[in-house]
Amino acid sequence: MKRRTFLSTTTAAAVGTQVLGGVPLHAFTPADLDQRVQAEDDRILIVIQMFGGNDGLNTIIPADDPEYYKIRPSIAVPKEKAVNVLSRVYMHPSLDSKAPYNLRRMFEDGRLAIVNGIGYDNPSLSHFRSTDIWLSGFNSSDPEKRLVDGWLGRYWASKVQGFPEVLPDDPIAVQIGGSLSMLLQSRRGDIGIALTDPQKFFELGQGLSPDMQPMSEDTRYGREFNFVRLVAEQSDRYSSVVKQAFDKGANKVAYEKNSFVEQMKLVARLISGGLKSKVFLVYLGGFDTHVQQQDENLNGLHPYLLEMLSTGIGTFMQDALIQGFADRVVGMTVSEFGRRPYENGSRGTDHGASSVQFVFGNGVRAGVYGDMPDLSNFDSNGDVRYQYDFRRVYADVFENWFGGTPADTESILEDRVLPLGVLQRSTSVNDAYDGRVQVNVRVAPHPVTDQATIEWQQPVPGIVKVDIYGTEGRFIKNLFTDRALPGTMRVPVHGLASGSYICCVSVNGARSVVPLTVVR
Amino acid sequence: MNRRNLLFGLAQSSRRSLAAVDQPPVVQGGIDEYTTPLTLEDVLHLYRRMSFAVSRPQATQQVGKTARQVVEELLGLDTASEPSPAMRFGPWTDPATKQPVDWTENPEGADLQTRNAIEGWWRANHRTLSNWTLGLMRDDQTVTERLTLFWMSHWITEFSFDEIYMVPQMIYRQYMTLRNDRLGDFRKMALDMTVDNAMLFYLGGTYNEVGRPNENYARELMELFTTGIGWYTEGDVQQAARVLTGWKASRFNDQPAPKGIYNAWFDAAKHDMGAKEFMGVTIAARTNDNNTEFQVLNEEVYELIKIIFRVRQDAVARFVARKMYLFFVYSSAGDVDPTFLNELATEFKANDFRLRPLMLKLFTSQHFFDTSIRGAQIKTPVEFVVGMQRQLGVNENDPQTWVDRMDQTMFDPLTVAGWPGYRSWISTNSYPRRREFARMLIDAMSDTRANAFIREFSNYEDVDAFVKDVTVFLLPVAVSAERLAYYKNALLEGQPDYTWAEKLMQPPAASRAMKELLKAIAKAPDFQLC
């Protein structure tokens, strides 16, 4: 992909002819633009899939809630053993792992966000359906709806021009491990490669490009032929790219020897060696802890996995800080569900619903999102209710990390979803270019009892939308969509039942949010 | 002007343009029997899907028969013959004392050295078991092992999971049970698997006790093994778990094993004797007087399965028919032909969930023989490795290592849902390994074998006919004239046609040429398809 060249041509053509968002284009030289876009281009997302359904209640411990000790008589983490990292926030001691840098330290250093109550409406308690929901980014409770591609696969397949006929120089995504995950699949073809051993990949990958052109006829045979052909071409092309990055890259800290930590080590080395992939996917399985998840000394499968998770992320982060690429990388954990609050009879927990998610890196707005789970108000299955729709963090990735817009979020997720704000949005040159500016939104009178007005100072001309979302982040209604000129904007609030909402004003795609409460 | 859009192209426009492509091409023909005598292409197609690939001499013998004749022949007798050779687990000798050791010892709590030794012994036996089944598959004249593999991919257990190992002897017993059940009543198979020792251990049934329910197996019985998701409530899961309390797996010599090691048993004291409400049907409470293994197995466990098959009969029939379609016909989950699926499911119900008539219907249907599904299936690693040995007539002694490298570890799928299948089989990780295996196996052909292989094609002296026949034999769909020319060039190493006759007179030269042709064909994307 020759983006660099393409960009200089378009900017050169545009300079002097356009004024957008009130900022004349010639305020930026093409070189400036190039540098800024390049910086944005370097951003990387690491997805850590914790398969099996991680037990959120034994990850971030509700140690101040006596109910927790009642429902988990044999597997609760005693308050005196839980690690208190902030008022009312306790970690499982395994997260304070033996590694020099770990999730506890990262939280204390402001590099970790803990998202409580991540989940979705009408939760599926099936590993596979729920994994598909998480990886596809579609929450469909209809089991007949086939979920066949991933939210990142769709996003990048739509963003990389000419894909898959023209393959970018570096793989868009790299999965450490075997069969490629649905997360990195799109209907146009896989956006990623699966990689276990760069040296072996290099030895075996050379010269694998097929001698044949893609088939033109659209038959089942033709489709699968073209699919295999694309993988063969990717194997050939990327085996040397990966090898180069691997040879050039390094790790500057010692990593523990276990499969998960070593996956993180490989990711660090490839980034360090200059591989320009946007997404890395690593896998940590075993969270389906129906049986003997933890003994009275807090040993067992679940603590073991948490220890690995914390060590893997912490060591990677330490490496990234030393090598200077920490600002370019954020990561998130995904797990298909949490566990049932009540322990079962086998010192384990059965499938549950909402859970806890970690988002890490220098680019996060660190802290704790949401309240500790309410253990006195379960859903009809006896599971913890969710507070945030899981797709909110995906919207963050699109809009606040990869430089996408609300329109991207809507088109990729086929739904309007409000970013959680867990990633820091840095104002970029594109914002000025497109007139994307944030505004101060006021609702008066507030709380809303009868009549109220949403008000802000519109600084630039552009398209304005006023949307109401639920606090979990799902779209409820649009109050206003129109062009607006600079000046004071006022939009009346109407048609909302009593309850808590989030009001979102977007100016040319830049979102500004304010909480909104209606008491009728 | 929005520069970003200009840079990347709009997401929306690309999605729309794809919608038209997403309509699957129509498959002609339904469940009605395909009665035309089979051509060579038909025979090759039937074997590639229902069995593994087939040798050229064997394929030619079947030409002209009807689909029904060949399918019946492949299904074989309902009762499976004893596998030959028999499975032999290696003896375990203590590395320190060199003495034979009791291999049923529990490694938990043992010293580290013993633990490592026991687990190492298990891993060795897992490899032995894997190679044993892969060898049976290669040599099987029926589809006994192929169907058992299919059912092992349905009633999932894993050799290695949650940082622990399953004793391979347990997996072996499960394999033998499914081998016997492979063509019988699907309810009976469900019953056998529900109280199977490996399954009780793998999905936590052995921990499921009165007052301490463990829902794991109860849920998967419906979600993954019978109805599919969406046909039961969470209440049904909880009630089913109560029905299934009391069954125990036997794994080690420090645990009770009233029926012998590796055989499941019933612990009456751990069974929940209360009444259960499952899918709107009451399973009556019982007392200590009728809480025996025999009574609970029939009146509760089998009853539970019968309720599922009665109340959710449409769901079960569709679910199993769909599984078969994906495995044997086309594994793209979004492209299962709904009309044909309904016909297949209706047949399954009409035959009271007996598997043999269902298999017969599927493999003799006009749908199955339609040209539009030929070449659409991505070979699984097992199909690739077993099939290529059959095609070339060359044996590989350690096939499990190869399928493992291609992301299919025998008896050890990634999750309880089994292998995800379809395109997940081909990645930048596995594809280079497939090419490596093909190269290796072709190189392993002796000159004698390569020359014999050439003579398996009746028109082998006519170079054009020969090249065409080899592509028909190895590739699923007829290839273009351009590709045939390319392959002929590979065979002749760039020399004129008449040199083929000269090569045929010199076995080493003919062998080398043959291997060049095979390697050229193995590079083609459709060599991965069947």
Side-chain angles (χ1 to χ4, degrees), chain A residues 3 6-7 10 14 18 51 124-129 143 146 148 158-161 178-180 185 187-188 193-196 201 204-205 208 210-212 218-221 224-225 227-229 231-232 234-235 238 286 288 290-291 301 304 344-346 348 350-351 381 408 411-412 430 433-434, chain B residues 1-4 6-9 11-12 14-15 18 21-22 24-25 162-163 204 207 209 211-216 219 223 228-230 234 330 333-335 372-376 378 407 415-417 420 423-433 435-436 477 486 523-526 528-529:
Chain A
R3 292 201 33 207
F6 187 66
L7 182 73
T10 50
Q18 298 261 340
F51 183 78
S124 169
L125 269 58
S126 152
H127 290 295
F128 311 101
R129 186 67 188 176
R146 299 283 153 197
V148 296
S158 77
K159 288 294 182 190
V160 175
Q161 205 166 41
S179 306
L180 199 76
Q185 293 174 18
R187 288 182 186 241
R188 294 185 182 184
I193 60 166
L195 173 73
T196 47
F201 184 38
L204 295 175
L208 290 193
D211 317 313
M212 278 152 263
D218 183 30
T219 59
R220 288 172 173 77
Y221 165 68
E224 306 310 338
F225 181 99
F227 165 74
V228 177
R229 198 192 158 282
V231 175
Q234 286 172 331
S235 302
Y238 293 140
D288 195 18
H290 287 278
V291 173
L301 179 60
Y304 169 75
N344 66 19
S346 334
D350 292 325
H351 301 182
N381 288 329
D408 290 321
S411 103
I412 299 298
N430 302 315
Y433 223 81
D434 298 341
Chain B
M1 170 166 84
N2 187 327
R3 193 178 50 81
R4 183 148 286 272
L6 202 153
L7 261 180
F8 292 112
Q12 288 89 338
S14 62
R15 288 186 68 81
L18 274 170
V21 184
D22 283 345
D162 296 353
E163 307 300 318
Y207 304 101
E209 299 180 347
R212 298 150 56 97
N214 184 306
E215 296 171 2
N216 205 355
R219 175 186 311 281
E223 178 183 331
I229 195 169
E234 286 303 311
Y330 187 31
D335 290 322
S372 70
I373 63 150
R374 300 199 187 184
I378 292 168
D407 295 331
T415 72
V416 63
R423 292 183 176 178
S424 74
W425 286 130
I426 302 269
S427 71
T428 53
N429 187 52
S430 60
Y431 180 75
R433 292 297 193 170
R435 293 280 294 271
E436 186 189 18
V477 173
Y486 175 82
K523 281 169 80 173
D526 40 352
Q528 308 299 329
L529 305 176

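Quantities reported herein were computed from a predicted structural model and do not represent experimental measurements. In what follows, chains are A, B, ... by sequence order, proteins preceding strands, each numbered from 1.
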(message) Less than 4.5 Å to any heavy atom of chain B: does that hold for the side chain of A:Y238, its backbone, both, or neither?
(response) neither
(message) Can a donor-acceptor pair be found, under 3.5 Å and without considering hydrogens, that links the side chain of A:Q234 to the backbone of B:T428?
(response) no
(message) Which atoms of B:L529 are under 4.5 Å from chain A, going by heavy atoms: the side chain, the backbone, both sets, or neither?
(response) side chain
(request) Would you mind checking which part of A:F201 comes under 4.5 Å of any heavy atom in chain B, side chain (CB onward), backbone (N, CA, C, O), both or neither? (result) side chain
(request) Select, from A:S346, A:G348, A:S124, the one with the greatest count of heavy-atom pairs under 4.5 Å involving chain B. (result) A:S346
(request) For each of A:R229, A:M212, A:H127, tally heavy-atom pairs with chain B at distances under 4.5 Å, and name the one with the top tally. (result) A:M212
(request) Using a strict 4.0 Å threshold on nitrogen-to-oxygen distance, state whether B:E223 and B:R219 make a salt bridge. (result) no
(message) What I want to find out is whether A:D211 reaches B:K523 closely enough, with some N-O distance under 4.0 Å, to be called a salt bridge.
(response) yes
(message) Please classify the contact of B:E209 with chain A as side chain, backbone, both or neither, using a heavy-atom distance under 4.5 Å.
(response) neither
(request) Show your reasoning for whether side-chain contact (heavy atoms from CB on, under 4.5 Å) applies to B:R212 and B:Y207. (result) CA-CA 8 Å; B:R212 298 150 56 97; B:Y207 304 101; over 6 Å; no
(request) Please determine, among B:G230, B:A417, B:P420, the option with the most heavy-atom pairs under 4.5 Å with chain A. (result) B:A417
(request) Quick one: closest heavy-atom pair of B:A333 and A:R146, and the distance? (result) O-CD, 3.9 Å
(request) Quick one: which of B:G204, B:G211, B:P213 has the most heavy-atom pairs under 4.5 Å with chain A, could you say? (result) B:P213
(request) Output the option from A:D288, A:V148, A:N381, A:L204 having the highest count of non-hydrogen pairs under 4.5 Å with chain B. (result) A:L204
(message) Please classify the contact between B:R423 and chain A as side chain, backbone, both or neither, with a heavy-atom cut-off of under 4.5 Å.
(response) both
(request) Identify which part of B:I426 has an atom lying under 4.5 Å from any heavy atom of chain A, answering side chain, backbone, both or neither. (result) both
(message) What part of A:L301 gets within 4.5 angstrom of chain B, counting heavy atoms only: side chain, backbone, both, or neither?
(response) side chain
(message) Salt bridge or not between A:K159 and A:D408? Use side-chain N to carboxylate O under 4.0 Å.
(response) yes
(request) Just give me the residue among B:E436, B:R433, B:R374 that pairs up with chain A most often, heavy atom to heavy atom, under 4.5 Å. (result) B:R433
(request) Evaluate the side-chain hydrogen bond (donor to acceptor under 3.5 Å, both in side chains) criterion for residues B:Y330 and A:E224: first the C-alpha distance (whole Å), next the side-chain angles of each, then the deciding distance (0.1 Å), finally the verdict. (result) CA-CA 11 Å; B:Y330 187 31; A:E224 306 310 338; 2.5 Å; yes
(request) Establish, from distance only, whether the side-chain atoms of A:H290 and A:D350 form a donor-acceptor pair under 3.5 Å. (result) yes
(message) Would B:D407 and B:N429 count as a side-chain hydrogen bond (donor to acceptor under 3.5 Å, both in side chains) here? Give the steps.
(response) CA-CA 8 Å; B:D407 295 331; B:N429 187 52; 3.1 Å; yes
